[in-house]
Amino acid sequence: MATDVPTIAGPDGQALMPGRSLPPSGDDPLKSMKLLVANRGEIARRVIRTAKRLGIATVAVYADPDAGAPFVSEAAEANRIGPADLSDSYLSIEAILGAARATEATAVHPGYGFLSENGAFARAVIDAGLIWVGPKPEAIDVMGLKTDARRLAMEHGVPVIPGFDSSQADADLASAAADIGYPILIKAAAGGGGRGIRIAHQADQFDAALHEARTEAQRSFGNSDVIVERYITRPRHVEVQLIGDQHGTVVDLGTRECSVQRRYQKVIEEAPAPNLAPETRRGLRDRARHLGAAIGYDSAGTVEFIVDDNTGDFFFLEMNTRLQVEHPVTEYVTGLDLVELQLRSAAGESLPASMAGLEPVGHAFEARIAAEDPANGFAPQTGTVTHLRVPDGVRWDSAVEEGSVISPHYDSMIAKLIVGSSDRVSALESLRLALGQLIIGGVATNTGLHSWLVDRPELKEGRITTRFLDEHPPPEPPVSVDEAAELAAASWLDYRRARSASGVWSRSFGFRMTPAENSQQLFLRHHGGETVEVAAARLDGPHGAEAVVSTTGTAINAGGSNHSYRLVSRSEMWSGTGRLAEADASSVIAPFPAVVAELPVSVGDYVEGGQVVVVIEAMKMLHSLAAPGSGTIAELPVRVGDQVETGQLLVRFAEAEADPE
Ligand code: ADP
Ligand code: ADP
Ligand code: MG
């Protein structure tokens with residue numbers, strides 16, 4: 001039995017929060033464990049890190065595209081489970097159990113996503129005589145469907161959002177929507193990860209929203225059932241972290257705020273949630289803990305709530321019966337290692353009694369870094385991470401290293417940047433500074449969006465709702481950031497030459513630069529008064545010195561000898577050049593590499609502008625592409641299931657008839 005509370009170790013092995021000691025080593029039952037991590041990417045590395053610290057042997061399983069991934073080499077052993085196709089690899093219970101047998105693993109950690117909330121998988125692991133590092137399968141089952149979870153929450157006195165789930169007939173759902181009153185939200189009953197959720201602001205949007213939600217739900221979860229709910233108009237997402245053991249103890253580890261969202265997916269999270277009335281905070285924590293206790297919850301899990309910012313009322317959303325992506329912010333403010341607690345609980349240990357009254361200390365933020373191009377509708381990006389510079393003093397939970405290839409097969413989240421401090425203001429400032437120093441070259445990422453977000457007064461004040469990004473889309477750039485980045489790259493490589501050449505630039509820019517060792521922040525000032533902040537690193541490339549510059553994301557790779565700038569990527573939402581060619585009015589092209597998921601139209605059909613003509617899928621998300629104008633479809637050169645490349649023609653319209661004007 002553990003007597004002390006386990007601490008989270010930073011990348012260097014140092015505890016992120018001082019003041020708590022590591023559990024005593026000795027005849028630790030964990031030492032005889034051999035842990036298979038049934039996941040990939042950053043969470044596989046995260047679990048392996050704790051397992052190694054505890055002296056537990058580790059096994060990675062991987063699909064072909066991940067053969068060279070860091071999580072595979074970091075595990076003591078690795079076992080190939082199949083090809084890229086998820087159903088033959090990370091979602092194959094058979095393949096994973098086969099790997100467990102082959103490697104004589106004794107325990108399985110599912111990470112998040114994939115099979116982590118699959119009761120059948122948990123049972124199969126247990127039936128195979130292995131330790132399941134998760135809650136008992138019954139808890140997964142009962143929380144697996146939002147419909148069942150809602151009922152259970154109601155039974156235990158937890159308020160739920162007014163909604164309807166007692167029939168799946170389209171007409172019943174539509175009339176329920178009318179009764180509830182628009183706007184309404186349609187949500188996949190089996191949903192997760194923000195998939196299968198659509199809003200309908202008014203009745204004439206209902207059918208399309210239902211169709212899209214059902215289609216995405218069927219594809220993502222193999223279940224097209226939905227719930228119709230009242231849409232809370234000033235929603236904050238606040239959740240409570242739970243940890244339980246097999247001896248009836250359930251402890252809550254405080255709140256997290258995850259209201260900064262895009263398409264119902266979290267972008268920035270923090271712990272604890274700010275600006276909650278004391279009785280609201282207490283209520284959330286108590287209800288969550290009671291619900292966990294009621295189902296005998298015995299692992300790490302999260303109860304998610306919507307808090308109505310107008311009234312302070314809160315409603316149960318769902319319970320995630322697994323480790324959450326954003327668990328590091330809770331680790332920061334509690335000093336706990338949640339993966340260690342999961343492992344100890346799974347091995348039958350009791351939670352330390354000292355955890356019961358635990359109150360978070362300090363404040364932490366996490367930014368989810370995704371390979372997505374904010375300048376292009378957040379289209380998922382593939383490619384090679386050519387350069388990676390991570391600032392000191394942060395926690396960096398990442399799937400990638402320099403040289404890693406981001407394939408189109410998996411989720412676009414490639415890393416998490418976690419910072420913390422004694423208070424919220426300084427923690428947010430640390431995040432701002434860290435984002436300014438982070439350089440990711442080679443693939444576009446959403447770090448420009450994060451940098452913009454951390455300066456929003458609403459975020460500074462802790463008054464963000466989940467609608468923030470819809471209501472306040474990031475603005476267009478004040479100056480050409482690509483131009484600024486080019487100048488910065490040149491300046492950095494050769495300050496003097498850049499200055500003498502600045503005849504061209506000085507008309508647009510005055511700049512100030514303070515070179516240091518080999519990376520630096522630069523400030524470029526536009527004559528209009530705008531300042532562009534640039535992080536630059538000088539590197540040795542195959543052709544000599546290279547500069548990699550990132551203006552809150554724009555990465556430019558300038559060849560050292562001739563200063564000819566090669567744009568390798570734009571991870572900048574303000575990126576101006578190199579943008580994907582917009583389709584002209586006579587065609588629809590693929591905005592990014594994807595698979596054609598649906599073709600709801602045929603050659604010869606007449607369609608209205610805005611009507612969906614192709615649905616494509618990339619990184620597990622469906623994207624509907626609409627006709628740019630009304631017209632007749634002349635050509636459909638693709639079929640459902642085809643892999644398409646960026647810029648590939650998907651639909652061509654017939655020549656428009658002469659405009660009467
Ligand atoms: P998932 O399982 O995909 O995470 P959730 O039920 O947790 O689905 O919802 C995801 C997000 O969608 C929430 O964080 C919240 O921002 C938003 N959301 C869900 N239900 C509602 C609602 N009824 N009104 C407003 N926003 C909602
Ligand atoms: P959370 O509330 O923790 O964000 P979600 O319900 O959003 O949880 O689901 C977890 C997210 O992580 C999903 O978007 C899922 O597709 C994604 N995911 C699953 N496995 C991985 C992985 N190995 N690496 C990155 N993302 C993953
Ligand atoms: Mg959720």
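All figures in this text were calculated on a predicted structure; none of them were measured in a lab. Indexing begins at 1, ligand by ligand and atom by atom, following the structure's order.
For Arg256, the side-chain hydrogen bond (donor to acceptor under 3.5 Å, both in side chains) test picks out Glu239, Gln241, Thr302, Thr330, with sequence neighbours left out. Residues that satisfy the ring-ring contact (aromatic ring centres under 6.0 Å, His included) test with Tyr90, not counting sequence neighbours, are Phe114, Tyr410.
The shortest N/O to N/O separation between Ile306 and ligand 1 does not fall below 3.5 Å. Note: an N/O pair closer than 3.5 Å links Glu318 and ligand 1 by distance alone. Where the criterion is an N or O separation shorter than 3.5 Å, residue side chain and backbone included, Tyr231 fails it with respect to ligand 1.
The nearest non-hydrogen atom to atom 17 (C) of ligand 1, considering only Phe315, Tyr264, Phe305, comes from Tyr264. The heavy atom nearest to atom 20 (N) of ligand 1, considering only Arg236, Lys187, Arg467, is found in Lys187.
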Stepwise salt bridge (Lys or Arg N to Asp or Glu O under 4.0 Å) test for Asp308 and Arg234: CA-CA 6 Å; Asp308 187 335; Arg234 302 238 0 117; over 6 Å; no
Test log, rule side-chain contact (heavy atoms from CB on, under 4.5 Å), inputs Asn275 and Arg236: CA-CA 11 Å; Asn275 294 326; Arg236 285 175 63 184; 4.2 Å; yes
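When each atom of ligand 1 is checked for a heavy atom of Thr466 under 4.0 Å away, the hits are 16 (O). For ligand 1, the atoms lying closer than 4.0 Å to a non-hydrogen atom of Gly191 are 2 (O). Against a heavy-atom cut-off of under 4.0 Å, Gln261 is close to the following atoms of ligand 1: 11 (C), 13 (C), 14 (O), 15 (C), 16 (O). Of all the atoms in ligand 1, the ones that sit under 4.0 Å from a non-hydrogen atom of Gly194 are 1 (P), 3 (O), 4 (O).
If you check the side chains of Gln168 and Arg214, you find a donor sitting under 3.5 Å from an acceptor. Side chains of Glu94 and Ser92: no donor on one and acceptor on the other come within 3.5 Å. Thr147 and Asp165 share no side-chain donor-acceptor pair at under 3.5 Å.
Contacts between Ile197 and ligand 1, counted as non-hydrogen atom pairs separated by less than 4.0 Å, involve the side chain only. Counting heavy atoms under 4.0 Å from ligand 1, residue Lys266 does not touch it at all. Only the side chain of Ile161 comes within 4.0 Å of ligand 1, judged by heavy-atom distances.
A salt bridge links Glu304 and Lys266; the closest N-O separation between the charged side-chain nitrogens and carboxylate oxygens is under 4.0 Å. Salt bridge Arg46/Asp337: present, at least one basic N to carboxylate O contact under 4.0 Å.
Take the Mg ion (ligand 3) as the corner point: the lines to OE1 of Glu304 and to OE2 of Glu318 open at 80°, to the nearest 10 degrees.
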